[in-house]
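Everything numeric in this text was worked out from a predicted model, so none of it was measured. Positions are given from 1, in the same order as the sequence printed here. Just so you know, these numbers use all the heavy atoms, side chains as well, and skip hydrogens, waters and symmetry mates.
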Amino acid sequence: MSTTKESASRATPLTGQKAHEIQAYGHVVAMPIALAEDIRKTSVDNLNQVLADTMTLRDLYKKHHWQVSGPTFYQLHLLFDKHFGEQSELVDQIAERIMQLGGVSLAMAHDVAETTLIPRPPKGREEAPMQISRLLHAHEVVLLEARSMARQAAQAGDDGTNDLLVSNVIRTNEMQTWFVAEHVVDVPLIRANDRK
């Protein structure tokens with residue numbers, strides 16, 4: 001009988017546990033990756049800014065995916081969702097790089113909201129051209145940061161961070177900017193504009 005109680009006790013989930021955090025945000029732990037602590041700390045700080053803005057951009061895409069309307073609804077609905085997925089992949093890659101460097105990545109919405117440089121959109125729906133304008137501005141914020149931070153990482157010898165920023169963040173955001181920007185080129189839909 002005591003064996004049954006002991007087994008049941010061992011199978012009971014331990015809920016409501018309390019403990020101190022094991023690493024404070026803003027601090028880096030030693031990692032044997034042949035990069036000095038100051039280099040890793042700078043890269044972690046930079047990447048957390050890119051992470052906050054990438055998470056905000058990702059969420060803008062989902063907001064606009066749900067709320068888009070008008071004659072281009074179907075195309076934009078699909079495009080916004082595709083870009084949301086690609087931004088989600090970037091979020092994971094950036095956060096994992098922060099952890100590889102011995103840092104702590106931002107993770108919660110309120111922390112992202114306090115950190116992002118991308119302006120907050122209204123809660124309500126906006127017209128598709130306004131949604132696109134917001135997305136293009138957000139991409140530009142991320143691209144300006146990523147270019148500057150990639151140069152810093154390269155100069156410091158942090159090739160992994162430089163590669164992530166150039167090969168993933170910059171290339172993805174440039175491609176998405178192109179796809180989104182082409183939707184707001186003012187061209188006629190029915191008849192070619194003959195400008196002689």
Side-chain angles (χ1 to χ4, degrees), residues 25-26 42-99 101 103-153 161-162 164-189:
Y25 179 80
T42 298
S43 288
V44 164
D45 291 344
N46 286 344
L47 287 170
N48 264 314
Q49 184 62 59
V50 174
L51 178 61
D53 293 326
T54 300
M55 291 171 87
T56 302
L57 176 54
R58 175 202 62 194
D59 293 347
L60 268 177
Y61 269 115
K62 188 52 86 172
K63 172 183 171 44
H64 296 333
H65 163 77
W66 289 327
Q67 297 177 356
V68 70
S69 61
T72 57
F73 165 79
Y74 185 70
Q75 296 88 342
L76 289 177
H77 183 72
L78 294 178
L79 180 67
F80 291 166
D81 203 41
K82 177 181 183 291
H83 285 190
F84 167 83
E86 293 167 356
Q87 289 294 325
S88 293
E89 288 178 27
L90 286 178
V91 164
D92 198 49
Q93 292 167 359
I94 297 165
E96 288 178 353
R97 179 64 186 167
I98 291 166
M99 301 304 292
L101 291 166
V104 176
S105 58
L106 286 173
M108 300 304 296
H110 60 275
D111 297 321
V112 171
E114 290 172 357
T115 306
T116 187
L117 300 175
I118 297 171
R120 183 176 177 173
K123 289 182 183 177
R125 286 172 86 178
E126 295 181 291
E127 297 173 357
M130 190 62 223
Q131 291 175 328
I132 289 171
S133 180
R134 283 189 188 285
L135 290 167
L136 292 174
H137 176 71
H139 278 294
E140 191 167 25
V141 167
V142 171
L143 285 164
L144 283 168
E145 291 170 353
R147 284 190 174 88
S148 171
M149 294 170 184
R151 284 190 294 275
Q152 288 178 38
T161 297
N162 173 270
L164 170 68
L165 291 168
V166 173
S167 299
N168 299 82
V169 176
I170 292 173
R171 288 191 179 147
T172 298
N173 279 276
E174 284 180 344
M175 181 66 78
Q176 288 184 351
T177 297
W178 175 44
F179 272 66
V180 171
E182 290 300 318
H183 283 85
V184 287
V185 173
D186 189 13
V187 295
L189 295 176

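Atom CG of residue L60 and atom CD1 of residue I118 lie 6.5 Å apart, to the nearest 0.5 angstrom. To the nearest 0.5 Å, atoms CG (L164) and CG (L90) are separated by 7.5 Å. Going from atom OG of S88 over to atom CE of M55 covers 9.0 Å, rounded to the nearest 0.5 Å. Note that NE2 of H83 is 11.0 Å distant from CG of L78, once rounded to the nearest 0.5 Å. With rounding to the nearest 0.5 Å, the separation of CG in L51 from CD1 in I94 is 6.0 Å. To the nearest 0.5 Å, the span separating CG on L135 from CE on M130 amounts to 9.5 Å.
A 4.5 Å side-chain heavy-atom check between R134 and P122 finds at least one atom pair inside the cut-off. Residues V44 and V104 have side chains not in contact (no heavy-atom distance under 4.5 Å, counting atoms from C-beta outward). Side-chain contact between L79 and H183 is present, with heavy atoms from C-beta onward closer than 4.5 Å. D111 is not listed as a side-chain neighbour of Y25, based on a closest heavy-atom distance of 4.5 Å or more.
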Would you please test L101 and T161 for side-chain contact (heavy atoms from CB on, under 4.5 Å) and show each step? CA-CA 9 Å; L101 291 166; T161 297; 3.6 Å; yes
Working note: D45 + Q49, criterion side chain to side chain donor-acceptor pair (under 3.5 Å); need CA distance, chi angles, decisive distance, verdict. CA-CA 7 Å; D45 291 344; Q49 184 62 59; over 6 Å; no
Mind running side chain to side chain donor-acceptor pair (under 3.5 Å) on Q176 and Q87 for me, showing each step along the way? CA-CA 10 Å; Q176 288 184 351; Q87 289 294 325; 2.7 Å; yes
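The two atoms that bring I98 and S105 nearest to each other are CG2-N, 3.6 Å, heavy atoms only. Of all non-hydrogen atoms in R125 and Q67, the two that sit nearest each other are NE-O, 3.0 Å. Between F80 and H65, the closest heavy-atom pair is CD1-N, 3.7 Å. Across every non-hydrogen atom of K63 and G124, the tightest pair is NZ-O, 3.0 Å. When all heavy atoms are compared, the tightest approach of L165 to A150 is CD1-N, 3.6 Å. Listed here is the closest heavy atom pair of V169 and A146: CG1-CB, 3.8 Å.
Counting only distance, with no hydrogens or angles, the side chain of T56 and the backbone of A52 share a donor-acceptor pair below 3.5 Å. No side-chain donor-acceptor contact under 3.5 Å links N162 to the backbone of A153.
With sequence neighbours left out, N46 forms a side-chain contact (heavy atoms from CB on, under 4.5 Å) with T42, M149, Q152. For the salt bridge (Lys or Arg N to Asp or Glu O under 4.0 Å) test, residues two or more places apart in sequence or in another chain that qualify with E174 are R147. Annotation: salt bridge (Lys or Arg N to Asp or Glu O under 4.0 Å) contacts of R58 (sequence neighbours excluded): none. For E86, the salt bridge (Lys or Arg N to Asp or Glu O under 4.0 Å) partners two or more places apart in sequence, or in a different chain, are K82. In this view, D92 satisfies the salt bridge (Lys or Arg N to Asp or Glu O under 4.0 Å) rule with no residue, not counting sequence neighbours.
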With a 3.5 Å cut-off and sequence neighbours excluded, list the donor-acceptor pairs that the side chains of residues 137-145 form with protein atoms.
residue, atom, partner, partner atom, Å
H139, ND1, N173, OD1, 2.7
H139, NE2, Y61, OH, 2.7

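With a 6.0 Å radius and a threshold of 12 heavy atoms from other residues, nucleotides or ligands, M175 has its CE atom at or below the threshold. Heavy atoms of other residues, nucleotides or ligands lying less than 6.0 angstrom from CD of E127 number 12 at most.
Each of D53, V112, L106 was compared with N48 under the side chain to side chain contact (heavy atoms under 4.5 Å, CB included) criterion, and only L106 meets it. Between Q93 and the choices T54, N168, T172, the side chain to side chain donor-acceptor pair (under 3.5 Å) rule is met once, by N168.
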